[in-house]
Amino acid sequence: MKTNDLNLKTIKLPDGRVLAYAEYGLTDGAPVFHFNGSGGSRLEWPGDQLMLEEIGVKFIAIDRPGHGMSDFKKHRTLIDWPKDVALLADHLSLDKFYVEGWSAGGAYALACACMLPKRVIAGAILSGIAPADRPEPYKGLNEHIKSWMADSRENPERIYPFRRSMKELLDSKSPEEVGAMLAHGESEDNLAVAKSPALQCLMGTNIKEGYRQGPQGPTEDDIIINNQWGFKLQDISARIDIWQGEIDENVPLVQGEYQHSILPNSRLRVLKNTAHIFPLIHWRKILTELIR
């Protein structure tokens, strides 16, 4: 696989896999590991180097297995991820760090907070999906997402055709066109991104890179996050900031409220008139509170 990404960095893990990542912001800033949303990649970042430098953050975004330039891993589980993150942290000489996850990435951030309690200082969940075994798991979801979630648990073979068609669609469009599709809507965040060609390009480039190897990595993610996580939210001791779009239809507010009710040390921040892509216009506030 070839890439023109000058920010691409990789390490080789003990099992022989390559793990790819990118660093943004201050080289000696407060380390924040960011875990992307569904189908995303290491190219998911605030898009504002100066802002990261001003607030003092070293922003580290990682390609999950099968995404971007990270090797695919068969039969992986959610609690395998903290092991990869710990190895990368060791490589970067980081004893302690913060974690952050957007949408599907929220589950991976929570896994790190639970499995690496001596290393994770605090975490931020940005419209992060809640555990699938919660009470009323389909509450607030539209029929399409209900079906996707149910199939991920009960009929995973149905997920592959959807992700294959998504890959074909992404290949047929430019990053700007993909970003414009993702920013469709009347919420504050969607309207702001719809007016910004730079943010649209950032979103589209991120997703297209996430599917670089094909649909297998994103499909595995669907299955992993919609089944048993392998840990309990109530066992997480680190402070977790839960950021939620008030009118998010992808991950409804009820999911953030549920996680807030279970996590022992959490803060719920509801952003008015925003949907699912609010981090792109609120990242300064999110990161400032995370490392405060």
Side-chain angles (χ1 to χ4, degrees), residues 21-22 24-25 31-48 51-52 57 59-64 67-68 70 78 81 85 97-113 120 122-131 145 178-179 182-183 185 187-190 192-193 199-200 202-211 217-218 221-222 224-226 229 240-253 255-256 259-260 263 266-271 274-291:
Y21 66 102
Y24 311 91
V32 177
F33 283 108
H34 173 76
F35 310 135
N36 57 263
S38 180
S41 69
R42 69 189 181 282
L43 303 184
E44 184 175 285
W45 73 292
D48 189 337
M51 179 268 286
L52 292 174
V57 163
F59 192 94
I60 309 157
I62 316 172
D63 286 339
R64 288 199 286 278
H67 297 67
S70 285
L78 187 54
W81 182 243
V85 173
F97 45 83
Y98 300 87
V99 293
E100 173 190 87
W102 183 355
S103 192
Y108 290 87
L110 291 170
C112 289
V120 172
I125 308 302
L126 320 180
S127 271
I129 187 171
I145 297 181
V178 173
L182 296 173
S187 63
E188 176 186 314
D189 48 333
N190 280 295
V193 174
L199 289 178
Q200 291 173 41
L202 186 153
M203 290 178 65
T205 301
N206 165 49
I207 294 294
K208 285 171 72 72
E209 178 65 14
Y211 278 81
D221 249 15
D222 292 339
I224 288 167
I225 64 174
N226 283 298
W229 284 8
I240 304 294
D241 298 338
I242 302 170
W243 294 85
Q244 188 71 44
E246 180 187 31
I247 53 176
D248 190 345
E249 295 183 355
N250 288 28
V251 181
L253 175 57
Q255 296 197 33
Q259 294 182 85
H260 178 51
L263 288 162
S266 66
R267 307 185 301 191
L268 179 62
R269 301 285 190 265
V270 181
L271 297 169
T274 62
H276 198 61
I277 59 174
F278 67 81
L280 291 172
I281 62 171
H282 288 292
W283 236 316
R284 178 183 290 271
K285 182 188 304 183
I286 291 165
L287 290 168
T288 298
E289 288 207 18
L290 175 61
I291 68 170

Would I62 and V85 count as a side-chain contact (heavy atoms from CB on, under 4.5 Å) if you check the C-alpha gap in whole Å, the side-chain angles of each, and the deciding distance to 0.1 Å? CA-CA 9 Å; I62 316 172; V85 173; 4.3 Å; yes
Within the distance-only criterion (no hydrogens, no angle test), does the side chain of [X] pair as donor or acceptor with the backbone N or O of [Y] below 3.5 angstrom?
| X | Y | answer |
| --- | --- | --- |
| N206 | G40 | no |
| Q255 | A130 | yes |
| E209 | E44 | no |

Is any side-chain heavy atom of R269 closer than 4.5 Å to one of K285?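 A side-chain contact under 4.5 Å is absent here.
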Say you draw a straight line from [atom1] of [X] to [atom2] of [Y]; how long is it, rounded to the nearest 0.5 Å?
| X | Y | atom1 | atom2 | result |
| --- | --- | --- | --- | --- |
| L110 | I129 | CG | CD1 | 11.0 Å |
| D248 | L253 | CG | CG | 9.0 Å |
| Y24 | I60 | OH | CD1 | 11.5 Å |
| I277 | L126 | CD1 | CG | 13.0 Å |
| L271 | S187 | CG | OG | 11.0 Å |
| H276 | I247 | NE2 | CD1 | 13.0 Å |

How close do [X] and [Y] get, counting heavy atoms only, and between which atoms?
| X | Y | result |
| --- | --- | --- |
| M203 | V193 | SD-CG1, 3.7 Å |
| P46 | M51 | CB-CE, 3.6 Å |
| A109 | G101 | CB-N, 3.7 Å |
| S103 | G37 | CB-CA, 4.1 Å |
| I207 | S38 | CD1-O, 3.8 Å |
| G106 | I125 | O-CD1, 3.7 Å |

Does atom CD (E246) have a neighbourhood of more than 12 heavy atoms from anything else shown, all under 6.0 Å?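 Yes - once you tally the heavy atoms of other residues, nucleotides and ligands closer than 6.0 Å, there are more than 12.
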Measure up the F278 and H282 rings against each other and bin them: parallel (under 30°), tilted (30 to 60°), perpendicular (over 60°).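 Tilted: the ring planes of F278 and H282 meet at 30° to 60°.
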Test side-chain hydrogen bond (donor to acceptor under 3.5 Å, both in side chains) on Y108 and D221 and set out the steps. CA-CA 10 Å; Y108 290 87; D221 249 15; 2.5 Å; yes
If you measure only the distance, is there a donor-acceptor pair under 3.5 Å linking the side chains of H67 and S41?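 Short answer, no.
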Using side-chain contact (heavy atoms from CB on, under 4.5 Å), reason through W283 and E100 one step at a time and then give a plain yes or no. CA-CA 11 Å; W283 236 316; E100 173 190 87; 3.2 Å; yes
I'd like to know whether L280 forms a side-chain contact (heavy atoms from CB on, under 4.5 Å) with D189, so could you lay out the CA-CA distance, the side-chain angles of the two residues, the decisive distance to 0.1 Å, and finally the verdict. CA-CA 8 Å; L280 291 172; D189 48 333; over 6 Å; no
Run the ring pair (Phe, Tyr, Trp, His ring centres under 6.0 Å) check on F59 and W45 step by step: do they pass? CA-CA 8 Å; F59 192 94; W45 73 292; 7.3 Å; no
Pick from F33, W229, F35: which one makes a ring pair (Phe, Tyr, Trp, His ring centres under 6.0 Å) with W81?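 Result for ring pair (Phe, Tyr, Trp, His ring centres under 6.0 Å) with W81: F35.
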Checking side-chain contact (heavy atoms from CB on, under 4.5 Å) between I240 and each of L263, L268, L290, which is the one that passes?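 Among the candidates, only L263 passes.
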Should L287 and Y98 be marked as a side-chain contact (heavy atoms from CB on, under 4.5 Å) after you check the CA-CA gap, both sets of side-chain angles, and the distance that decides it? CA-CA 10 Å; L287 290 168; Y98 300 87; over 6 Å; no
